[in-house]
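Reckoned from all heavy atoms, side chains included, excluding hydrogens, waters and symmetry mates. Just so you know, ligand 1 is whichever comes first in the structure, and atom 1 is the first atom listed for that ligand.
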Amino acid sequence: MQDDQSSTAVSPLALGGAITGIFVLIFSVIYLFFRSPSSSSSSSSKTDEDTTENRIKPETSGKKSTVPKTIKKDTKEVTKFTHPWLCTSLRAHSSSVTGLDFSHNDKYLASVAEDDSVLLWQTKDFNEKDHKHTRVNIEFGQANHVAFSPDGKAFLINLIKDNVIRVYKFEKRSDGLPTNVKSVLDFPKKNESNIISIGIACTGKFIMSAEVNNKIIIFDIKGEVLNTIETHQGHLNYAAVSPCGRFFGSSGFTSDVRFFEVCFEKSNGNFKEIRRAFDIKGHDAQVLCFSLNKDSTRAATISKDNTWKLWNTDVDYIHKQDPKCLYTGTLSYNIERAGLIVLAPDALSVVISIDNRLMFYNLSKDEKKCEQEIENVHSDSIRVLVMDSTGKYVASSGDRQIRVFHNIAGLKGLIDDLTEKAHTAKQLTLKERMEEQIHEARSKIEKILNGAD
Ligand SMILES: *[C@@H]1O[C@H](CO)[C@@H](O)[C@H](O)[C@H]1NC(C)=O
Ligand SMILES: *[C@@H]1O[C@H](CO)[C@@H](O)[C@H](O)[C@H]1NC(C)=O
């Protein structure tokens, strides 16, 4: 474990009393000198529309590694990204954002970037001009994944250099912004290859760390290894813990997705075993990414065979029943660099990213047309795509900015689903309640598209 004071430097970057003010001033000066000027604009009142030119120049001179990318970006410098579905753009990182996670209660969004920092944002600010955040500098290290603990009082990152997981804890200020962020624990070093994914079960019972070399380590919450498994998939592209907290899955060089169940004793809750659960089989090439809905009854996959698929994973896997493919969609773009997919918790919408574009689908009908395609969301390929636990927001990144979109496809899917259910509802009160919800969803869409919020 590291010395707390030296391992973290947290600046409470929103103005609050005089002491905080001075603190901010000192930190701003430090950032101005040692980092690009953009990182000092933490709780800036700049609107979404501030131009990107100012932010690119200092980086070109300051950071060697981003020079090639910056040259490529030149033509885009002057164009501002706007879209009716865009909720906001979060800007404060000085280099590419690699990891995002919404807290389980949806109060926070955490972002980690190549600038060696984690920023904690409040989702309640998304509709405001001001985006307050707390900055946590990762001393002596870089991380590319972040995951909140289920209680929303801690988060994990992976340290790239050592391939270990580090745990941070934080407290809440009166305005809700995290404060006193401290690194409290580094997990034992088990590295063999790069960590490609980390996750925590919503039950708080286990933590997953997946390495590119097929190794998945399951830890308890204190960092003790419960078990390690080899997935035998050539190499891993992606791994994730299911939102229900029972399973984890992985996809790699082979064309399947393998799911495992982490089992605990019924009597005392002690760890029992990791058992092979079900496999998703049906793609003709590597699965680049997959996503399960809230109760793990549906899965969505995207593959190098240029299709995406929706699966029924509500199967009796103990009796060897396999997930069934419910739908195959052909992608109209070749996946050249990156393809990601995220299924909404209610499985009524799905969002796909291919290179730097996003595609939103509502899944309510048999035919699944792309509802909205958004080009040039980022200046580089999208590396991270997440949805909050209500399916309201979709956040992506592929450069220094984080784009947060309203998931209107999700609202449309919900409208269709409720309409169908209201038709068959026998109880009048139930029917009325559904009609009310349909009305609410419709007015939400209208409000978003009219820019009322
Ligand atoms: C773990 O990483 C260190 C460097 O960080 C390296 O020296 C060591 O060989 C790695 N261990 C394994 C088992 O690959
Ligand atoms: C959802 O998508 C389907 C298929 O593309 C479409 O027929 C339907 O009208 C959409 N629903 C809404 C509410 O727009």
Side-chain angles (χ1 to χ4, degrees), residues 82-87 282-283 289-295 297-303 305-314 324-335 339-354 357-375 377 382 385-396 403-425 430-453:
T82 56
H83 191 275
W85 290 26
L86 182 71
C87 170
H283 278 292
C289 186
F290 60 87
S291 176
L292 289 160
N293 69 335
K294 197 176 191 130
D295 58 6
T297 54
R298 291 288 182 276
T301 50
I302 183 169
S303 161
D305 64 12
N306 279 313
T307 65
W308 69 274
K309 289 176 189 276
L310 183 69
W311 305 84
N312 178 358
T313 47
D314 189 11
K324 237 178 63 200
C325 182
L326 298 173
Y327 181 81
T328 301
T330 305
L331 299 163
S332 28
Y333 302 96
N334 275 325
I335 301 171
L340 298 170
I341 194 160
V342 59
L343 183 64
D346 59 8
L348 290 172
S349 59
V350 74
V351 184
I352 291 172
S353 73
I354 296 181
R357 78 172 65 73
L358 286 177
M359 291 179 284
F360 290 72
Y361 294 79
N362 92 44
L363 304 179
S364 56
K365 307 274 185 201
D366 290 340
E367 183 210 11
K368 300 175 202 315
K369 264 200 338 259
C370 180
E371 189 82 47
Q372 189 68 237
E373 189 176 306
I374 312 176
E375 296 279 344
V377 178
I382 294 171
L385 180 66
V386 293
M387 209 182 276
D388 72 327
S389 79
T390 60
K392 189 165 117 185
Y393 294 122
V394 175
S396 68
R403 306 266 189 226
V404 181
F405 291 90
H406 296 286
N407 181 14
I408 292 181
L411 288 169
K412 290 190 171 179
L414 183 68
I415 290 170
D416 289 341
D417 186 59
L418 288 168
T419 308
E420 205 165 291
K421 282 181 183 152
H423 266 304
T424 52
L430 193 66
K431 206 177 177 114
E432 279 171 355
R433 176 78 196 105
M434 285 172 178
E435 270 152 15
E436 216 172 276
Q437 286 174 295
I438 294 169
H439 179 75
E440 272 169 32
R442 280 194 204 287
S443 46
K444 262 188 215 161
I445 296 176
E446 216 164 286
K447 216 173 126 192
I448 294 164
L449 297 181
N450 293 332
D453 61 359

Item checked: Thr328 and its side-chain hydrogen bond (donor to acceptor under 3.5 Å, both in side chains) partner, picked from Lys309, His283, Lys368 -> Lys309

Checklist line | Basic-acidic side-chain contact under 4.0 Å: Asp416, Lys412 | finding: no

Check: Which one of Asp416, Ile445, Ile438 has a non-hydrogen atom at the shortest distance from atom 8 (C) of ligand 2?
Finding: Asp416

Note to self: My understanding is that we take every heavy atom of each candidate and find the minimum distance to atom 1 (C) of ligand 2. Doing that for Leu411, Leu348, Ile408, Asn362, which one comes out nearest?
What the structure shows: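 Residue with the shortest heavy-atom distance to the ligand atom: Asn362.
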
Note to self: Under 4.0 Å from a heavy atom of Glu371: which atoms of ligand 2 are those, numbered in the order shown and with their elements?
What the structure shows: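 Close to Glu371: 1 (C), 2 (O).
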
Notebook entry, point to check: Considering only heavy atoms from C-beta outward, does the side chain of Val394 approach that of Asp388 to under 4.5 Å?
Noted result: no

How far is [atom] from the closest protein heavy atom, and which atom is that?
atom	result
atom 14 (O) of ligand 2	Lys412 CD, 3.4 Å
atom 7 (O) of ligand 2	Lys365 CG, 4.0 Å
atom 4 (C) of ligand 2	Glu367 O, 3.1 Å

Notebook entry, point to check: Once the angle between the rings of Tyr393 and His406 is folded into 0 to 90°, is it parallel (under 30°), tilted (30 to 60°) or perpendicular (over 60°)?
Noted result: tilted

Check: What distance separates Ile335 CD1 from Cys289 SG, expressed to the nearest 0.5 Å?
Finding: 10.0 Å

Note to self: Let's go through Trp308 and Thr330 carefully: what are the C-alpha distance in whole Å and the side-chain angles of both, what is the deciding distance for side chain to side chain contact (heavy atoms under 4.5 Å, CB included) to 0.1 Å, and is it a yes or a no?
What the structure shows: CA-CA 7 Å; Trp308 69 274; Thr330 305; over 6 Å; no

Notebook entry, point to check: Can you check whether Lys369 has an N/O within less than 3.5 Å of an N/O in ligand 2?
Noted result: yes

